[in-house]
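Report on one structure; see the data block that follows.
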Amino acid sequence: MNEAKIFGIAAEFETHEQLVRAAKNAYAHGFRKMDGYAPFPVDGLAEALGKKNRLPLFVLCGGVVSGLGGYFMEWFANVVSYPINIGGRPLHSWPAFIPITFELTVFGAALTAFVFSLGLSGLPKPYHPMFNLSEFERASQDRFFLCIEADDKRFEEESTRRFLESLAPLRIAEVPQ
Amino acid sequence: MNTNPSGAMHEYWRSLEERARTPEFERWLHAEFPAAAEEWVSEIHRRDFLRLMGASVALAGLGACTKQPLEKIAPYVKQPEQIVPGKPLHFATATTFVGYAQGIVVTSHEGRPTKIEGNPEHPASLGATTVWAQADVLDLYDPDRAQAITKAGQISTWDDFLPELNLALERQQQTGGSGLRILTQTITSPTLGRQLADFAKKFPNARWHQWDPMTRQNIHIATGSGEHIYNVAAASVIVSFNSDFLYLHPAALRYAREFASARQVRQVKGARMNRLYVAEPTPTITGASADHRIAVAARDIEMIAATLAQGLGLVEGIDPTLLADPIPKWIKAAARDLSANQGRSMVIAGETQPPAVHLLVQKINHHLGNIGRTILPGRQVVANPLDQTESVRALIRDMNNGAVDLLFIIGGNPVFDAPVDLAFATALGRAKLCVHHSLHTNETSLACHWHIPAAHFLESWSDALAFDGTPTIIQPLIDPLYAGVTAHELIEAVIRQPVRSAFEIVRESWRTAKPSLDFDFDWRRALNHGVVPQASEEAIAASIQTGQSRALNQSGLEILFRPDPNILDGRYANNSWLQEMPQPFTKICWDNAAIVSPQLAKQEALKTGDVVELEFRGKKIAAPVWIQPGQSENSVTLHFGNGRKEAGRVGRNVGFNAYELRTADALWFGEGLTLRKTGSKHEFATTQHHHAIEGRHMFRAGTLAQFSTDPNFASRMTEVPKRNETLYNPDEFKNAGYAWGMVIDLNACIGCNACTIACQAENNIPVVGKYQVSVGREMQWIRIDSYYNGSAEAPELNHQPVPCMHCEHAPCELVCPVGATVHDDEGLNLQVYNRCVGTRYCSNNCPYKVRRFNFFELNSKLSASEKLGKNPDVTVRSRGVMEKCTYCLQRINAARHVAELDHNRSIRDGEVMPACAQACPTEAIIFGDINNSNSRVSEFKRSPLNYGMLAELNTRPRTTYLAKLRNPNPELASL
Amino acid sequence: MSAGIIPPDEQVRTRLSPLGYPSNLLGPRVTYADVNESISSIVLCDRAPAQWWVGFAVAFALLMIFFLAVSWLLIRGIGIWGVNIPVAWGFAIVNFVWWIGIGHAGTFISAILLLMFQNWRTAINRLAEAMTLFAVACAGLMPLLHLGRPWVFFWLLPYPDTMGMWPQFRSPLVWDVFAVGTYFTVSILFWFLGLVPDLATIRDRARRVWQKKLYGFLALGWRNSADHWQRHQTAYLLLAGLATPLVLSVHSVVSLDFAVAQLPGWHSTIFPPYFVAGAIYSGFAMVLNIVIPVRKIYHLENLITERYLNNMANVMFATGLMVSYGYFIEAFMSWYSGDIFEQYMMTNRAFGPYGWIFWVLMLCNVLVPQTLWSRRIRCNPFPLFIVAFFVNVGMWIERFVIVVTSLHRDFIPSSWGSYAPTLWDWATLFGSVGLFLMLLFLFIRFLPMISISESRELVAEPAKANAL
């Protein structure tokens, strides 16, 4: 009942090496619903937490679709929709259609990359329980946090807290819902 | 074809660049900014403003309804009953050049004359037109025309005028009109002649004087009365002593056509051409067409003619060594050529040469047996030909003696253009009452008590004779826009009252002149055809008198007076098309210059644009110098007509007034000019800055000899890619229907500018004014490029008309981002004005630079009357869009409609004629369907002389050129 | 109010690496807090330094001139400029190409150097990216203004219009629309994506409510979580990967505006590579011209160390040599082609009426940069600033030479003309500079001009930081 009251339990570390070690342990200990917080991208942290990343696939599709679409538009405009003699050049003068095809490929891919990178992370998201943590502001400066979330199936307040203490953090705090 | 400018010439040719570097130019450019960056109507003076308001009020209704004349006027071919809105009618009438008629056919849209073409049935036109005929329609709608009868500048009426007139006439009645004078210009109108005869009957002591600044009196004095008629086509050798018979001549259109036809080379075998020798002081259209042109002082021409006569054994005692080389060689060759072509040659002298030269020339022609073959005796065409200088001198004497009580000045502008030493203006002050009748309120009108606005010839009934005496009845196409009165009505008022309409007056004179059973039928037929059928009148036998020739050989500077090639003696000063027309050779617009030779320039350290002080006969003016290759060494040419103070918004203060130096004893040229550099600078606005061809092959020419040995010399000058040298399908857009194409025959083109103005009139092309021209924004769709070849002293002068080439692989179309310029399946390169966004990329990629851009809104300042003159079939372009030659698309479609209505037949060859081709006097522009192998254009394109300009760029131009051929005398290889 | 991390007296001379480069990217003894503080304080401080206000005032004045020039242009028409027939393109296009060129360094630095793991980009990439955006914005305006009918510029875009027409896809100008459009979009995305974590940092540092609200909103709720970082890094890398060919394509396409036309002096196959080199050349020059004063005013010597200057100077110099090579080959080919038009074009370019401009170009772009052979100049802010300035001027002149001297004398001598810029041409040029500076000053004031998170990374791994 009162488990529902909290979002999770967070441990605060001094260096990113500690954070990564802690993450590895937690994963080994069977925790899955957890996240690490660091002021800069820490190599191996995501892997340690067992995070998947399917962004590149989306981007590929985005690029291909808009590229082909671009070429189709040019072909359609010149051959089907409005065929007219321009400087004696053939209606379907493919070499002239390449630059736009290329530009549109890049355009589509870039747009997908941007939208999906934020979207998959659930951003924009003005509120999040982690912000309730008083020291959390330092996550964007010089502190490293590991938070095991309450809805992890192996989460059990006492044992989890004990487990985190075993990782020798600076501080441990409950993250209210 | 190539000149490789080097050394002095090198420096000489590049005029603009020099200027571009000088600080004056920079300052000038920026000083004028931004005010001068406006369109040509800069600030409007108070008087103009009032006048303008007057115009707009007077014309408020005009836009809606234009009145057709009450009298029945007869349309050309079609009947006026069948007026179909949107379907123009064509009426035959005539315009005049120095009084001589040139037949025209006027297009009228819903009663608005919009375009003037030549009348094929008229001997002086043969279907072609001069630039002035083309521009007449603009004069009709000129908002600056005199719009009301004025007394001392105050608006008055005809009814106020008559009583005052009658009062003065009554006094004259008693004295038989001893105090009564009439001053006219050169007149060929039989009706006016008849009226003036009646006038003389009624007032025996009155006198009729004439003054025309472009008087042809020298010829009339020599021949007695008439002018000879030349059969140029029949002459295989022509020698011209400063006669511009291809441009500034009442029969120029006919002679140009005949001249060109005699140079037409169809096939290689037995190709023949005439040969033209020209001796002249300053480059003319005729001189440029010569096979052998020598630049000589005007004063030496008499001597040269005499020497030629001596060479033919007609006179003795002339020492040819007095003449500087190469003149004697030229004379010798000409003499031999002439005597080898007896009866097949002609010698002609210009109206600027004294009677003695004309007599000599007659003598020579007579000796060569040309009379009756290439030269036919003419009729007396001018009513009462006389020595106009003496005539006006007499009038001025009388005025100064206070003997003139009542003076009528019919047309003209003597205060401005009479010989300066006679001081016309001061004398006019002594006349008790003077009445001026003219189209515009000009300098003379202001000096007269009364001014009667003249009706434009498109508004009036009248008649006139052509150079050969062929009469034309001038019929109006529109009622007078303003309170215009014809000369006939004014004279009528003097002779008898109540005044009848000009219609009745003209009709009467023809009823009496040609009594016939069915006068109405004859009358109608005459109107239909634009010519009155000729009863064979007795021709005045060419009086062959013998002139005494004296050998003159002065040194020192000579001054030449010539009519302005654009605005003539000033009568077209307020015509913006003509003011903006690039003058032949110099390409100056909106200006005139003191034209000097390169040699003189070098000696006096002059640069083009230097302002010099010219002193002649004690009178001084300041004029900017233009250095002109081909100008005779010691002659300075001044074009008179500009420098008007009272001409309207267009003509006021353009250029300088050369009349201020023109004296009675030196109407055309005179000795003793002194020239002093003032140190100040003047900016000319020119449309072409660079006249060297830089070893390129745009313009191609050869000799007849070269052609007969190697016909394909022209097409071989550059390597043109084969049609199938492409990755694509070369025939993707091949079309079975029409394929429009054009050929421009450089061998026929004389560079007269008719095409340029005809195009401007047909396609509603705006003018931009001097400043905009000077920064390279002129709008004409077809330009005449001129290239010099050879030395700066004796260059070949070449012309090349350049319209849009309608390339099959149009570079402009490829780069337009919005598809505003595209090809239609008949091969036209179209410009879609309402799609154009104005990137100007097409112009950058056009190797011919024939595209024109609307840098401003150029049509926003049109007055109500000017709008009436626009061609309703052509879009008026707005700001920010590109425009260019369309092959007169509107005419093609008009012909298409006619053909479709006529059992859906196909358009016949020659049925479509672009404005440029129709106006061309020499038929140098041939247009038609190149898919039809029998069409004239296909025939021309098959000629070995056919070549495409810059075709090496694989643009595949539809407009191609026939290389120019010259026919030099082998004896004169050097010249 | 100084935002400096370390008082000047404590500053230590920078060490030289074995290769002779000044080797450390960050000043000595810099901590996470120092980095955050030094950068975010510039944004969060209440009063901007006096120099900022001076610069801002100048920029604002120029911007007003720009508005004036544009208004008059729209009222009267393109005729107020010096353009004519044959020189139908003038300052507007010159400015366009110049600005686009300048807009290349940003992406080049961020994207290409990122892919090459050149960590020395860190301190300058953010500023360079911003500069890119603003330069491209200025560039984008020019072709619109130079239209005869600017109000229908959108006819160049493919959309179902009432005329049932399409853009003419064979025209390089349409390629431009797509290239520049794509480039602008991708640059913004790339820039903003990099900005998000820093906005979060600012949000966390901010004390005033409006600042918390503003930056909180912009940060999109970024939490520095491993999830975020992972996708952020992948997207960032992908964008870099995409931007790299893009940045090369953009100026190639721009160069095709000329190369596709058959005008002598434009119709040349060397244009794409030589334009790209030129773009990066001028881009780096502009970065230097901005970074050097900023570094001084905000005492960022410890973040933007001499090594950055040195490396940028090297890139600028290298591209400069490529450009010089381009000039040489252009001249050589026009002679070697044996084509009368090409040969005349080259002689006219060097000795014609506009010849003197050509020689000024040689001075600015070929001669002056030769001084960069010396390391003492490369590492010394002031002379480096001067050289960079010369390059910027030179690159503008290069475009003038290409556009105007090629157009004013093409195939047919009769239609040769000349070109003289009017007051309004100059107003438009300097006005656009005003627009650029205006945006730049606002950016410096309200956004972190150095990537905070990446700087933190360097603090975390000094080894990485000092690697070469």
Side-chain angles (χ1 to χ4, degrees), chain A residues 15-16 23 35-42 45-46 48-49 51 53 55-56 59 63 70 73-74 76-78 81-82 86-87 89 93 96-97 99-100 102-104 106-107 109-111 113-114 116-118 120-128 130-131 136-142 145 147, chain C residues 31-33 36 158 164-172 174-175 178-179 181-183 185-186 189-190 192-193 196-197 200-201 203-205 216-217 220-236 238-239 242-243 245-246 249-250 252-253 256 452-454 456-457 460:
Chain A
T15 71
H16 56 283
D35 206 341
Y37 302 87
F40 54 84
V42 177
L45 178 58
L49 295 163
K51 305 274 180 194
N53 180 9
L55 188 57
V59 175
M73 172 182 70
E74 299 181 79
F76 176 80
N78 282 285
S81 168
Y82 199 78
I86 302 279
R89 308 312 197 268
S93 24
F97 297 167
I100 292 179
F102 169 80
E103 299 297 342
L104 285 177
V106 174
F107 182 80
L111 209 56
F114 180 79
F116 279 71
S117 67
L118 294 178
L120 293 175
S121 313
L123 297 180
K125 191 183 205 316
Y127 171 77
H128 190 277
M130 285 304 286
F131 290 129
F136 190 67
E137 286 185 353
R138 293 188 70 177
S140 63
Q141 179 163 315
D142 51 7
F145 295 85
C147 174
Chain C
T31 69
Y32 293 125
N36 274 7
M165 285 192 68
W166 291 86
Q168 205 276 94
F169 290 114
R170 296 173 191 78
S171 167
V174 178
W175 305 348
F178 282 87
T182 306
Y183 186 52
T185 325
V186 173
L189 299 183
F190 194 58
F192 184 70
L193 201 63
V196 169
T201 310
R203 172 196 63 200
D204 298 344
R205 303 274 95 52
F217 174 77
L220 306 174
W222 176 268
R223 305 193 296 280
N224 298 301
S225 88
D227 257 5
H228 294 183
W229 279 123
Q230 184 188 31
R231 297 201 183 85
H232 180 271
Q233 289 299 296
T234 333
Y236 202 64
L238 284 170
L239 280 179
L242 292 164
L246 179 63
S249 82
V250 171
S252 304
V253 168
L256 292 181
I452 308 175
S453 56
E454 289 182 20
R456 285 196 297 257
E457 218 173 335

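In what follows, chains carry the letters A, B, and so on, assigned in the order in which the sequence lines appear, proteins first and then strands, with residues in each chain numbered from 1.
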Chain A contact via [X] - side chain, backbone, both or neither, heavy atoms under 4.5 Å:
| X | value |
| --- | --- |
| C/P245 | both |
| C/P158 | side chain |
| C/T201 | both |
| C/L239 | side chain |
| C/L189 | both |

Completion exercise
chain A shares the most heavy-atom pairs under 4.5 Å, among C/V186, C/L256, C/V250, C/T234, with C/T234
Exercise for the section: Could you tell me which portion of A/F102 (side chain, backbone, both or neither) has an atom closer than 4.5 angstrom to a non-hydrogen atom of chain C? Expected result: side chain
Fill in the blank from the handout: Applying a strict 4.5 Å limit to non-hydrogen atoms, the region of A/Y127 in contact with chain C is neither
Practice task
Answer yes or no: is there a donor N or O on one side and an acceptor on the other, between the side chain of C/W175 and the main chain of A/A96, under 3.5 Å?
Solution key: yes
Handout entry: Sequence-distant partners of A/D35, side-chain contact (heavy atoms from CB on, under 4.5 Å), two or more places apart
Key = A/Y37, A/L49, A/K51, A/E149, C/S225, C/A226, C/D227
Practice task
State the SG-CZ distance between A/C147 and C/R223, to the nearest 0.5 angstrom.
Solution key: 10.0 Å
Fill in the blank from the handout: So CZ of A/F97 and CD of A/E74: to nearest 0.5 Å the spacing works out to 5.5 Å
Handout entry: Closest non-hydrogen atom pair between A/A113 and C/A235, with its separation
Key = O-CB, 4.0 Å
Exercise for the section: Taking all heavy atoms of C/G221 and all of C/H228, pick out the closest pair and write down the distance. Expected result: O-CE1, 4.1 Å
For chain C, which of [options] has the most heavy-atom pairs under 4.5 Å?
| options | answer |
| --- | --- |
| A/L111, A/L118, A/N78 | A/N78 |
| A/G122, A/S81, A/P126 | A/S81 |
| A/L120, A/L55, A/V59 | A/L120 |

Problem - Within-4.5 Å side-chain heavy-atom neighbours: C/S249 and C/Y183 - result: no
Practice task
Using ring pair (Phe, Tyr, Trp, His ring centres under 6.0 Å) as the criterion, list what pairs up with C/H232, not counting sequence neighbours.
Solution key: C/W222, C/W229, C/Y236
